[in-house]
Amino acid sequence: MRAKRYLQSIEKNEQRLLQRLQELVAVESPSEDAAAVNRAMDLVTAWGVAAGASVTRHPQAASADVTELWFHGSTGDSDKPLLLLGHLDTVWPMGTLAAMPWCEAPDDQGRARICGPGVLDMKAGVVMALEAIAAVRENGGLGRPVVLLLNPDEEVGSPISRPHTERLAREAEAVFVLEPPQGLPGTPDDAAYKTARKGIGNYRVQVTGVASHSGVDFTRGHSAVLELARLLPRIAALPNLERGTTVKPGVIGGGTRSNVVAAEAWAEVDVRIARAEDAAGVEAALQALRCEDPACTVTVTGGINRPPMERKQGTVLLFQRARRLAAELGIDLKEASTGGGSDGNFTAALGVPTLDGMGAVGEGAHAKRESILRDELLPRTALLAAMIANT
Ligand SMILES: [Zn+2]
């Protein structure tokens, strides 16, 4: 089936797509507000049910539900499903919509933009997925079954949804991630699909010294703040940019008052690795940190919580297929890697072919200027449909 056929179906349903997107953006859904995220789950679930999907919702004690929408295929449900990964939580607190309302307006280059909290990351991606599935069903039907997984906690590291993502990925033929493509300068054609992402670690370096009065007992004190200051350049020297490893102390703290020799100081350290095999080396280097002052101690806690999505053969084949189908739609699809993580890191690490960045084209995720390009919405949805139909 030519990709253009899907585009025609999607164009016919453009109003439904835009209206749903506006409705979904109007339901604010910060990760930490389970009731709010569940309202967004309810809305998308209702759309899925109306389209004939079977729903499995997994209620959670500490977050909104993890939701699976199953669309049955013509080859029978014994065929390996295709897994589409979406999340319905956003980074935006309740009430953001008042200051950052839904808008449709041209930008300074005259391109029509749609803005609103979570519109790019990734409410548009979820709405696009439903329209893409509808277009495939309208033009010959789904082959293998498709499951759209809606996660409630991606923006806080996916601690609740990760086991569900991994369970479904293990059974899946391939995984499509509905995150926005990689924003690159230039034309929207540079909005690239992602075939690699770095793994992400968070570490805490905790220094313990000996407190004393800075005036009365100056020599008895052993300053944790001073020791941390000595450790920071050593931490900053750990990156290996050639291998794609970065290590960055992002937040530091310590001490209680200026007239007290500090007993405690700490740093939160962000670690990124391009290859899974590099995790142990970074971990060992951080664990090997020692204080110069023998009266002070350092403890390092934390670890790699998203494994890297490495550029593997199965994913490359998916990208090549996408590039071919994109050409039918007049899109010169590019391939990119990124230092940022997504739920695709988990599925790729299991060896399941994973293509990421299949959502809406735009810019400003997690930023006040968050917006999508309206003219890219339908072609990218058609490309997603063509990929669903051809996988
Ligand atoms: Zn996202």
Side-chain angles (χ1 to χ4, degrees), residues 21 24-25 27-33 36-37 40-41 43-44 63-67 69 83-93 96 100 114-130 132 148-162 164-166 168-169 175-184 191-200 202 270 272 305-309 336-349 354-373 376-377 380-381 384:
L21 182 55
L24 189 54
V25 170
V27 180
E28 294 182 274
S29 52
S31 315
E32 51 285 346
D33 189 333
V37 178
M41 289 285 174
L43 186 59
V44 178
S63 81
D65 304 350
V66 175
T67 304
L69 298 181
L83 174 59
L84 306 187
L85 282 185
H87 66 84
L88 283 179
D89 61 322
T90 76
V91 296
W92 299 102
T96 300
M100 202 178 133
I114 297 174
C115 55
V119 67
L120 174 69
D121 187 9
M122 58 141 72
K123 289 181 171 178
V126 170
V127 173
M128 286 164 68
L130 290 174
L148 172 59
L149 179 65
L150 300 168
N151 289 336
D153 61 344
E154 197 275 344
E155 298 293 2
V156 291
S158 304
I160 306 280
S161 59
R162 179 175 182 173
H164 295 277
T165 301
E166 292 181 334
L168 290 168
V175 179
F176 294 170
V177 186
L178 303 167
E179 295 284 355
Q182 179 83 339
L184 296 172
Y193 276 7
K194 299 170 210 187
T195 54
R197 286 180 177 271
K198 284 187 183 179
I200 304 175
N202 291 301
D270 178 281
R272 309 270 160 157
N305 42 29
R306 283 191 199 270
M309 169 176 163
S337 66
T338 173
S342 83
D343 286 332
N345 289 58
F346 301 135
T347 62
T354 300
L355 194 53
D356 202 335
M358 300 180 79
V361 179
E363 63 168 357
H366 303 193
K368 281 245 151 58
R369 64 175 195 286
E370 175 168 9
S371 65
I372 61 170
L373 287 172
E376 297 296 313
L377 205 47
R380 291 283 168 153
T381 306
L384 181 58

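Worth saying up front: this structure is predicted, and the values here are computed from it rather than measured. Atoms considered below: every heavy atom in the structure, side chains included; atoms not considered: hydrogens, waters and symmetry mates. Whatever order the structure lists ligands and atoms in, that order sets their numbers, starting from 1.
Under 3.5 Å, the side chains of Asp343 and Thr165 contain no donor-acceptor pair of N or O atoms. No hydrogens or angles considered: nothing links the side chains of Asp153 and Ser63 as a donor-acceptor pair under 3.5 Å. No hydrogens or angles considered: a donor-acceptor pair under 3.5 Å links the side chains of Lys123 and Ser29.
Glu166 is linked by a salt bridge (charged side-chain N to carboxylate O under 4.0 Å, His left out) to Arg162, counting only residues two or more places apart in sequence or in another chain.
Here the Zn ion (ligand 1) has protein N, O or S atoms under 2.8 Å from it, and they come to 4.
Here the straight-line distance linking atom CG of Leu178 with atom CG of Leu85 works out to 7.0 Å at 0.5 Å rounding.
A 4.5 Å side-chain heavy-atom check between Trp92 and Pro30 finds every atom pair outside the cut-off.
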